[in-house]
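A quick write-up on the structure given underneath.
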Amino acid sequence: MSSASHSRRITLSHLQKMKQRGEKITCLTVYDATFARLLADAGIELLLVGDSSGMVVAGHSTTVPVTVKDMCYHTHNVCRAQPISLILSDLPFLSYTQTEQALRNTARLMQAGAEMIKIEGGMWLVPIVEQLSEKGVPVCVHLGLTPQSVHIFGGYKVQGRDPAKATQMLATALALEKAGAQLLVLECIPYNLAQEITQAVSIPTIGIGAGPYCDGQVLVTQDMLGLTAGKPLVFVKNFLDGQTAGVLGAVKEYIRQVKASEFPTLEQSFA
Ligand code: KIV
């Protein structure tokens, strides 16, 4: 699918209808105008201005050092490309622990051009999601391996394998939907748990390391282009490998494989 097949700007209601039709949603991370234009032209529906910028762009080993100012900078860069895709921006580490602080920092990100904000956590986010959605802010919640909590997890480890934790994650997803969340990102959880959550909620789920049964998929763009140093993660595929049409071709192939449910496979997922 190319941007030509989307004649209007992508909105949340497009994503909601895609879930209802069973059409997979494609998402990639982006931090600058060049990639924003390229990804949108390729047909990516959702651009995630991720706080992974702290690792990918700034070279930190975690996302913890990222600030609201950094996220506004990247969001501004992406918006200047005027992509047709929906722009989702991360609120960084400890920038949304209190409602007033969350509202203030959300205002900064949305005034920089974000159309939806993403926050990481669990049940403690319910009152914050309620307040943000009541005030007209579309909210995405990131569950599972939430990278801002890496030091609590003791590393980047699969979450929700323990049955009690899996039950809790499902209950959290339902409570967040009730609170007004309009999208969920599920990271590094068993594929059957991601499938259960996806079937239980009426809002779209976007998976990363969460198996093939989510409503959509996201990867860090530099990972799926094979640019990230070190051993590739199980759930990452290098779409530039063997590609004759360059970066644009790689992104179009990612879109094709996600839409055709060819990526990710169960082998690229956690049990
Ligand atoms: O910041 C980010 O890039 C993310 C993705 C890994 C989902 O949150």
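Atom set for the values below is all heavy atoms of this structure, side chains included, hydrogens, waters and symmetry mates excluded. This is a predicted model, so every value here is computed, not measured. All ligand and atom numbering here is 1-based and tracks the order in the structure.
Of all the listed residues (Cys27, Ser52, Gly54), Ser52 holds the heavy atom that lies closest to atom 3 (O) of ligand 1. Across Leu48, Leu145, Val218, heavy-atom proximity to atom 5 (C) of ligand 1 is greatest for Leu48.
Counting atoms of ligand 1 from 1 in the listed order, those under 4.0 Å from a heavy atom of Lys118 are 4 (C), 8 (O). Listed by atom number, the atoms of ligand 1 under 4.0 Å from Asp51 heavy atoms are 1 (O). For ligand 1, the atoms lying closer than 4.0 Å to a non-hydrogen atom of Gly50 are 1 (O), 2 (C), 3 (O).
A cation-pi geometry, defined here as NZ or CZ lying under 6.0 Å from the six-membered ring centre and within 45° of its normal, holds between Lys237 and Phe239.
With respect to Glu262 and Arg256, a salt bridge is recorded, a charged nitrogen being found less than 4.0 Å from a carboxylate O. For Glu130 and Lys178, the salt-bridge test fails: no basic side-chain N is under 4.0 Å from an acidic carboxylate O.
The side chain of His142, and not its backbone, has at least one atom closer than 4.0 Å to an atom of ligand 1 (non-hydrogen atoms only; side chain from C-beta on). Of the heavy atoms in Asp90, only side-chain atoms (C-beta onward) come closer than 4.0 Å to ligand 1. Contact annotation: for Thr29 versus ligand 1, heavy atoms closer than 4.0 Å belong to the side chain alone.
Side-chain N or O atoms of Ser149 include none that pairs as donor or acceptor with a backbone N or O of Ile152 at under 3.5 Å.
Between the side chains of Tyr31 and Thr29, at least one donor N or O sits under 3.5 Å from an acceptor N or O. Between the side chains of Ser13 and Gln16, not a single donor N or O lies within less than 3.5 Å of an accepting N or O.
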